[in-house]
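These numbers come from the heavy atoms of this one structure, side chains and all, not from hydrogens, waters or symmetry mates.
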Amino acid sequence: MLTKKQSELLRFINEKLKETGVPPSFDEMKDALDLRSKSGIHRLIMALEERGFIRRLPNRARALEVLRLPESSTPSTPTGRSGRFPVIEGNLGRVRKQAPDEAPAGVIIPVMGRIAAGTPISAIQSRSHTITMPPDFLAAGEHFALEVRGDSMIEAGIFEDDTVIIRRQDSADTGDIIVALIDDEEATLKRLRRRGASIALEAANPAYETRIFGPDRVQIQGKLVSLLRRY
């Protein structure tokens with residue numbers, strides 16, 4: 001699964017290759033996606049390469065090859081107050097009500113890829129596998145899981161290689177630990193703080209600074225409800 005920006009860049013590269021036979025330059029890609037810097041394009045290209053959608057050809061400048069396109073070039077139904085498409089899609093784990101005499105059953109939760117607890121990365125990928133969680137560890141609604149990379153949330157008890165269980169929602173209260181999508185291209189796990197009209201994404205590690213954004217730059221993907229750790 002690709003983010004909106006990743007999909008847009010992949011389509012733009014593919015169209016340019018079909019039209020001219022030459023991949024677009026970084027400046028052309030930056031302008032087409034309305035990004036502020038080439039570093040954002042570099043991150044998107046790395047994410048597309050990691051997911052097997054493109055290949056960079058060695059020893060050739062601007063040499064990109066499109067290996068495949070997403071099954072659907074247009075995302076499904078948009079959600080959220082802003083009308084933007086969510087990163088997390090597909091069949092998520094849903095907690096259902098049990099009959100009074102029914103034995104508790106595990107809930108199958110899809111693991112949707114990796115999430116950065118450190119410097120944000122273009123991280124959320126397609127569903128890789130599933131885990132089973134006891135219903136008592138979940139809230140009502142739909143859930144997905146993400147594998148943690150980085151150490152910015154260690155003082156909140158979240159360590160690298162932990163698996164966080166996220167309830168899908170597009171709003172949260174200040175103080176909640178959330179999955180935040182920044183500028184439609186970078187995902188991170190941070191504590192939410194509201195500062196007037198601005199949104200602060202706060203780390204739980206003094207080595208990392210709190211990052212502050214306008215409300216139009218951050219989209220909430222879900223709230224942390226549980227954590228799975230293997231020793």
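Proximity of Arg195 to Thr210: side-chain heavy atoms (C-beta onward) are separated by under 4.5 Å at one or more points. Proximity of Asn14 to Ile54: side-chain heavy atoms (C-beta onward) are nowhere separated by under 4.5 Å. Taking the side chain as every heavy atom from C-beta outward, Leu64 and Leu48 never approach each other to under 4.5 Å. Annotation: side chain of Asp183 is not in contact with side chain of Leu35 (no heavy-atom distance under 4.5 Å). In this structure the side chain of Met112 never reaches within 4.5 angstrom of the side chain of Ile166, judged on heavy atoms. Between Ile177 and Ile158 there is a side-chain heavy-atom pair separated by less than 4.5 Å. Using a 4.5 Å heavy-atom cutoff, the side chains of Arg167 and Leu138 are not in contact.
Residues meeting the side-chain contact (heavy atoms from CB on, under 4.5 Å) test with Ser39, sequence neighbours left out: Ser37, Arg43. Applying the side-chain contact (heavy atoms from CB on, under 4.5 Å) test to Ala204 and every residue at least two apart in sequence or in another chain returns Met153, Glu155, Ala156. For Glu8, the side-chain contact (heavy atoms from CB on, under 4.5 Å) criterion is met by Lys4, Lys5, Arg11, Leu33, not counting sequence neighbours. With sequence neighbours excluded, no residue forms a salt bridge (charged side-chain N to carboxylate O under 4.0 Å, His left out) with Glu160. With sequence neighbours excluded, the residues forming a salt bridge (charged side-chain N to carboxylate O under 4.0 Å, His left out) with Lys223 are Asp176, listed by chain and number.
Heavy atoms from other residues, nucleotides or ligands lying under 6.0 Å from CD of Glu209 number 12 at most. Annotation: Phe137, atom CZ; neighbour count of heavy atoms from other residues, nucleotides and ligands within 6.0 Å does not exceed 12.
Criterion: ILVMFWY side-chain heavy atoms under 4.5 Å apart, direct or through other members. Under it, Leu69 and Ile13 are part of a common hydrophobic cluster.
Grouped with Ile154 in one hydrophobic cluster are Phe159, the linkage being side-chain heavy-atom contacts under 4.5 Å among Ile, Leu, Val, Met, Phe, Trp and Tyr residues.
Of the residues Leu227, Leu228, Val179, the one that meets the side-chain contact (heavy atoms from CB on, under 4.5 Å) test with Val164 is Leu227. When Ile115, Asp162, Thr163 are each tested for a side-chain contact (heavy atoms from CB on, under 4.5 Å) with Glu147, only one passes: Thr163.
Side chain of Arg191 to backbone of Gly175: a donor-acceptor contact under 3.5 angstrom is found.
For Arg149 and Asp161, the salt-bridge test passes: some basic side-chain N is under 4.0 Å from an acidic carboxylate O.
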